[in-house]
Amino acid sequence: QVQLVESGGGLVQPGGSLRLSCEVSGITFRIYNMGWYRQAPGKRREWVASITSGARTSTNYADLVKGRFTISRDNAENTVYLQMNSLNPEDTAVYYCNASYATNDYWGQGTQVTVSS
C-alpha cells in the first residue's frame with residue numbers, strides 16, 4: 001500500500017549533477033517529514049538531507065553534502081527531490097527516500113548513483 005519510488009539515479013562524471021525524485025503514495029504525504037539517505041559499498045547507511053512537513057518547511061544537510069545538495073518537496077505531487085551538484089566519487093551510493101511521522105517510518109527501494117570518470 002505505502003510506496004516510495006526513487007528515480008533519477010545514474011552514471012555521472014565528477015563535478016556533474018543529478019536530480020533524484022521520490023514519488024510517494026499510500027500516506028498523507030504533507031504531514032510526513034522526508035529525508036534522503038545513502039549507502040555506499042561496504043558502508044552503513046547514512047543520513048544525507050531532510051525536510052520537515054507543513055507549509056513552512058525546514059531543511060537540514062549532512063556536513064559532507066552541505067552546499068552541494070538541495071532537498072525540496074512538492075506536496076501537490078507527493079514528491080521529494082534531491083538536487084545533487086558538484087558530485088565526487090565519494091557520493092557513489094544507493095540513495096534511499098524516507099518518510100517519517102510519529103512511529104511510522106517508510107523506505108523506498110533505492111536508486112543507484114555512480115560518480116566516475
Side-chain angles (χ1 to χ4, degrees):
Q1 170 117 338
V2 179
Q3 285 192 306
L4 287 70
V5 181
E6 300 96 333
S7 62
L11 174 64
V12 295
Q13 295 189 21
S17 298
L18 282 176
R19 188 176 77 153
L20 307 183
S21 299
C22 174
E23 301 175 6
V24 180
S25 61
I27 60 173
T28 306
F29 177 80
R30 70 180 187 278
I31 70 171
Y32 275 73
N33 297 317
M34 300 298 300
W36 287 96
Y37 295 71
R38 68 187 183 186
Q39 187 167 24
K43 292 190 174 181
R44 295 179 176 86
R45 186 173 297 186
E46 65 178 358
W47 168 73
V48 173
S50 59
I51 184 167
T52 60
S53 62
R56 303 281 88 82
T57 61
S58 297
T59 59
N60 284 282
Y61 301 91
D63 288 342
L64 284 169
V65 308
K66 197 170 298 180
R68 299 188 297 123
F69 291 10
T70 303
I71 188 171
S72 61
R73 66 192 295 163
D74 186 341
N75 288 341
E77 297 292 333
N78 284 10
T79 302
V80 63
Y81 304 94
L82 185 67
Q83 177 67 47
M84 306 185 296
N85 300 325
S86 302
L87 287 162
N88 60 65
E90 287 66 50
D91 296 315
T92 295
V94 177
Y95 283 71
Y96 296 91
C97 178
N98 169 261
S100 179
Y101 176 74
T103 62
N104 300 327
D105 214 47
Y106 302 105
W107 295 90
Q109 83 291 344
T111 185
Q112 176 71 50
V113 172
T114 303
V115 185
S116 176
S117 57

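- By the rule that hydrophobic residues join a cluster once side-chain heavy atoms approach within less than 4.5 Å of another member, Val12 and Val48 end up as members of one cluster.
- Residues Leu20 and Thr111 are in side-chain contact: their nearest non-hydrogen atoms beyond the backbone lie under 4.5 Å apart.
- Applying the salt bridge (Lys or Arg N to Asp or Glu O under 4.0 Å) criterion to Asp63, with sequence neighbours excluded, gives Lys66.
- Within the 4.5 Å cutoff, the side chain of Leu11 has heavy atoms near those of the Ser116 side chain.
- Taking the centre of each ring, Trp36 and Phe69 stay at or above the 6.0 Å mark.
- Under the 4.5 Å side-chain heavy-atom criterion for grouping Ile, Leu, Val, Met, Phe, Trp and Tyr, Phe29 is connected to Ile31 within one hydrophobic cluster.
- The cluster map of Ile, Leu, Val, Met, Phe, Trp and Tyr, joined by side-chain heavy atoms under 4.5 Å apart, puts Val80 and Val5 in different clusters.
- Taking CG from Asn60 and OG1 from Thr52, the interatomic distance works out to 8.5 Å, rounded to the nearest 0.5 Å.
- Around the CD atom of Gln112, the shell of radius 6.0 Å holds more than 12 heavy atoms that belong to other residues, nucleotides or ligands.
- Linking ILVMFWY side-chain heavy atoms closer than 4.5 Å, directly or via other members, places Tyr96 and Met84 in two distinct hydrophobic clusters.
- Considering all non-hydrogen atoms of both residues, Lys43 and Gln39 come closest at O-NE2, 3.1 Å.
- Residues Ser72 and Ile51 come closest through the heavy atom pair CA-CD1, 3.9 Å.
- A donor-acceptor distance shorter than 3.5 angstrom exists from the side chain of Thr92 to the backbone of Val115, with no hydrogens or angles considered.
- Taking every heavy atom of both residues into account, Ala93 and Tyr95 meet most closely at O-CD1, 3.4 Å.
- Between Leu87 and Arg68, the shortest heavy-atom contact is CA-NH1, 3.9 Å.
- Cluster annotation: Tyr61 and Val113 are assigned to the same hydrophobic cluster (Ile/Leu/Val/Met/Phe/Trp/Tyr, side-chain heavy-atom contacts under 4.5 Å, transitive).
- Rounding to the nearest 0.5 Å places CD of Gln83 at 6.0 Å from OG of Ser17.
- Relative to the ring axis of Tyr81, Arg19 places its NZ or CZ within 45° and under 6.0 Å from the centre.
- The shortest non-hydrogen separation linking Ala49 to Leu82 is CB-CD1, 4.2 Å.
- The CZ atom of Arg38 lies 6.0 Å from the CG atom of Leu64; values are rounded to the nearest 0.5 Å.
- If you check the side chains of Ser100 and Asn33, you find no donor sitting under 3.5 Å from an acceptor.
- Remark: Cys97 SG to Gln109 CD distance equals 9.0 Å, nearest 0.5 Å.
- No cation-pi contact links Arg73 to Tyr32, judged by a cut-off of 6.0 Å to the six-membered ring centre and 45° from its axis.
- To the nearest 0.5 Å, the span separating OH on Tyr106 from CG on Leu4 amounts to 9.5 Å.
- Counted by atom type alone, Arg45 and Tyr37 present zero donor-acceptor pairs between their side chains at under 3.5 Å.
- We find the CG-CZ distance between Asn75 and Arg30 to be 8.5 Å, quoted to the nearest 0.5 Å.
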